[in-house]
*Asks:* 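Sharing a structure here in structure tokens format.
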Amino acid sequence: MTLTIALSKGRIFEETLPLLAAAGIVPAEDPESSRKLIIGTNHPDVRLVIVRASDVPTYVQYGAADLGIAGRDVLIEHGGAGLYQPLDLNIAKCKMMVAVQNGFDYDDAVKHGARLKVATKYPKIAREHFAQKGVHVDIIKLYGSMELAPLVGLADAIVDLVSTGGTLRANNLLAVEHILDISSRLVVNQAALKLKYNTIQPVLDAFASAVPA
Ligand SMILES: Nc1ncnc2c1ncn2[C@@H]1O[C@H](COP(=O)(O)OP(=O)(O)OP(=O)(O)O)[C@@H](O)[C@H]1O
Ligand SMILES: O=P(O)(O)OC[C@H]1O[C@H](OP(=O)(O)OP(=O)(O)O)[C@H](O)[C@@H]1O
């Protein structure tokens, strides 16, 4: 029975290679250098489909892929319908933070009930966070490079992923609030798990045994 695994290029693909290896799966090509979107493996019945990170849940939800790996950020924004999420893989770790330009008094703005303009690729997470704090916000949806928004007056604050903090520092920004710890999870199509149980379960077990500390 064919098994299709949805992955994104870059850090998730790189950090998934050891997990695939634990399941005895070795990709036939490197998606960084190949333009192919369907990549075979050493198993004739296992293939990888290479999609945008934020599209992984959609491919798995509709059964176009049986399994996928996606960040918690992406899964929250997607909503998780039709997905079984059995395993935190502890890869692609980072934090979802609120950041502002150095010199912007975030605490004071919050204390005085200012209405904040918040630029983000993660509107659901941002909306929920500020609703919990009781802060009024206008969410400005962006698709990348959120760090630019406060520098050019598009927003007062951003909600974005932070790992080393290097991108914030390079752009004169400061993290002012931690929202969530993020890592990537294995997602499985709920129908596929039942129909292909004998194929999928050993892969889940192998991944579970290889999750980094
Ligand atoms: N700097 C980082 N360090 C560690 N993990 C990260 C970092 N940035 C993002 N991630 C995690 O890795 C996942 C994939 O990130 P990646 O940069 O490959 O895709 P993207 O550019 O965010 O997505 P898309 O292509 O859909 O816009 C993110 O969803 C997040 O969970
Ligand atoms: O704290 P740091 O270690 O600097 O990492 C944070 C950066 O990493 C992510 O971007 P990424 O590198 O994935 O680029 P992208 O926005 O093109 O996806 C994220 O959107 C931040 O900009």
Side-chain angles (χ1 to χ4, degrees), residues 1-96 121-122 124-125 143-144 161-164 180-213:
M1 206 176 274
T2 306
L3 193 67
T4 302
I5 305 175
L7 294 175
S8 53
K9 282 201 271 196
R11 59 172 61 85
I12 289 200
F13 187 85
E14 297 303 323
E15 296 190 41
T16 299
L17 283 175
L19 300 170
L20 290 171
I25 300 166
V26 181
E29 281 176 87
D30 177 359
E32 291 308 331
S33 50
S34 166
R35 296 291 298 166
K36 277 194 190 165
L37 299 174
I38 300 180
I39 293 189
T41 69
N42 56 330
H43 285 271
D45 50 355
V46 179
R47 61 182 189 166
L48 310 178
V49 293
I50 306 301
V51 303
R52 285 287 292 266
S54 39
D55 288 336
V56 166
T58 306
Y59 277 81
V60 177
Q61 172 187 7
Y62 290 102
D66 302 303
L67 309 180
I69 295 178
R72 185 178 178 206
D73 48 332
V74 164
L75 290 168
I76 294 173
E77 290 297 324
H78 170 270
L83 302 177
Y84 175 54
Q85 299 184 29
L87 202 54
D88 184 346
L89 298 170
N90 215 19
I91 59 171
K93 289 174 73 171
C94 51
K95 293 178 190 305
M96 187 69 72
K121 192 175 156 185
Y122 311 97
K124 209 164 161 178
I125 293 171
Y143 292 86
L161 298 171
V162 179
S163 173
T164 61
L180 290 170
D181 285 329
I182 302 288
S183 56
S184 283
R185 290 156 184 230
L186 186 65
V187 292
V188 185
N189 176 274
Q190 285 173 350
L193 183 62
K194 295 198 184 89
L195 294 168
K196 301 186 181 180
Y197 182 83
N198 291 335
T199 312
I200 291 177
Q201 192 58 44
V203 175
L204 299 195
D205 292 341
F207 275 29
S209 72
V211 167

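It should be emphasised that the depicted structure is a prediction, and the values quoted were computed from it without experimental measurement.
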*Asks:* Answer yes or no: is there a donor N or O on one side and an acceptor on the other, between the side chain of Glu15 and the main chain of Ala92, under 3.5 Å?
*Replies:*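 Confirmed, Glu15 side chain pairs with Ala92 backbone.
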*Asks:* To check you understand the geometry: which heavy-atom pair defines the closest contact between Phe207 and Ala23, and what is its length?
*Replies:*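 Shortest heavy-atom contact: CE1-CB, 4.1 Å.
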*Asks:* Taking side chain as C-beta onward, heavy atoms only, is Leu204 less than 4.5 Å from Leu87?
*Replies:*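 No, their side chains stay 4.5 Å or more apart.
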*Asks:* Taking atom CG of Asp55 and atom NE2 of His78, what is their separation to the nearest 0.5 Å?
*Replies:*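 Interatomic distance, Asp55 CG to His78 NE2, rounded to 0.5 Å: 9.5 Å.
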*Asks:* Verify side chain to side chain contact (heavy atoms under 4.5 Å, CB included) between Leu7 and Ile39, making sure each step is shown before the conclusion.
*Replies:* CA-CA 10 Å; Leu7 294 175; Ile39 293 189; over 6 Å; no
*Asks:* Can you tell me how far apart CD1 (Ile12) and CG (Leu89) are? Round to the nearest 0.5 Å.
*Replies:*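 If we round to the nearest 0.5 Å, Ile12:CD1 and Leu89:CG are 9.0 Å apart.
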*Asks:* Are Leu161 and Met96 side-chain neighbours, meaning at least one heavy-atom pair lies under 4.5 Å?
*Replies:*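 Yes; the side chains approach each other to less than 4.5 Å.
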*Asks:* I need the Ile69 CD1 to Leu75 CG distance, nearest 0.5 Å.
*Replies:*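 Output value for this atom pair is 11.0 Å.
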*Asks:* Do you know which of Val46, Leu20, Ile5, Val26 makes side chain to side chain contact (heavy atoms under 4.5 Å, CB included) with Thr41?
*Replies:*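 Checked Val46, Leu20, Ile5, Val26 against Thr41; only one passes side chain to side chain contact (heavy atoms under 4.5 Å, CB included): Val46.
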*Asks:* What's the separation between atom OG1 in Thr16 and atom CD1 in Ile91, rounded to the nearest 0.5 Å?
*Replies:*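 CD1 of Ile91 is found 4.0 Å from OG1 of Thr16.
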*Asks:* Hey, does Pro27 have a side-chain heavy atom less than 4.5 Å from the side chain of Leu17?
*Replies:*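 In contact.
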*Asks:* Please report the closest heavy-atom contact between Ser184 and Asp88, naming both atoms and the distance.
*Replies:*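 So the two residues come closest at O-OD1, 3.4 Å.
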*Asks:* With heavy-atom distances below 4.5 Å as the criterion, would you say the side chains of Leu186 and Val203 are in contact?
*Replies:*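 Answer no - side chains too far apart.
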*Asks:* Ignoring hydrogens and angles, tell me if any N or O in the side chain of Asn42 forms a donor-acceptor pair with the backbone of Gly24 under 3.5 Å.
*Replies:*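 It does hold such a pair.
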*Asks:* Taking atom OH as the centre, does Tyr59 end up with more than 12 heavy-atom neighbours from other residues, nucleotides or ligands that are less than 6.0 angstrom away?
*Replies:*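 Count not over threshold, so no.
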*Asks:* Hey, could you give me the NZ/CG distance between Lys196 and Leu3, rounded to the nearest 0.5 Å?
*Replies:*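 Here the interatomic distance stands at 6.0 Å.
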*Asks:* Closest approach of Ala70 and Val56, non-hydrogen atoms and distance?
*Replies:*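 In this case the closest contact between Ala70 and Val56 is CB-CG1, 4.0 Å.
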*Asks:* Examine distances only and state if a side-chain atom of Asn189 and a backbone atom of Gln61 form a donor-acceptor pair shorter than 3.5 Å.
*Replies:*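 At least one qualifying donor-acceptor pair exists.
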*Asks:* Would you find a donor on one side and an acceptor on the other, under 3.5 Å apart, between the side chain of Glu32 and the backbone of Lys9?
*Replies:*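 It does not hold such a pair.
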*Asks:* Working to the nearest 0.5 angstrom, can you tell me the gap between Tyr122 OH and Ile182 CD1?
*Replies:*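 Going from OH on Tyr122 over to CD1 on Ile182, the span is 8.0 Å.
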*Asks:* Looking at Pro57 and Val74, what are the two nearest heavy atoms and their distance?
*Replies:*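 Between these two residues, the closest heavy atoms are CG-CG1, 3.5 Å.
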*Asks:* Any idea which heavy atoms bring Asn90 and Ala213 closest together, and the distance?
*Replies:*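 Heavy atoms of Asn90 and Ala213 come nearest at ND2-C, 3.4 Å.
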*Asks:* For Lys36, look at atom NZ and say whether over 12 heavy atoms of other residues, nucleotides or ligands are found less than 6.0 Å away.
*Replies:*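 Check fails, neighbour count at 12 or below.
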*Asks:* Has the side chain of Arg72 got a donor or acceptor atom that lies under 3.5 Å from a matching backbone atom of Asp181?
*Replies:*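 Yes; judged by distance alone, with no hydrogens or angles, the pair exists.
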*Asks:* Provide the closest heavy-atom pair for Ile200 versus Ala192 in the form atom of the first, atom of the second, distance.
*Replies:*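 Between these two residues, the closest heavy atoms are CD1-O, 3.5 Å.
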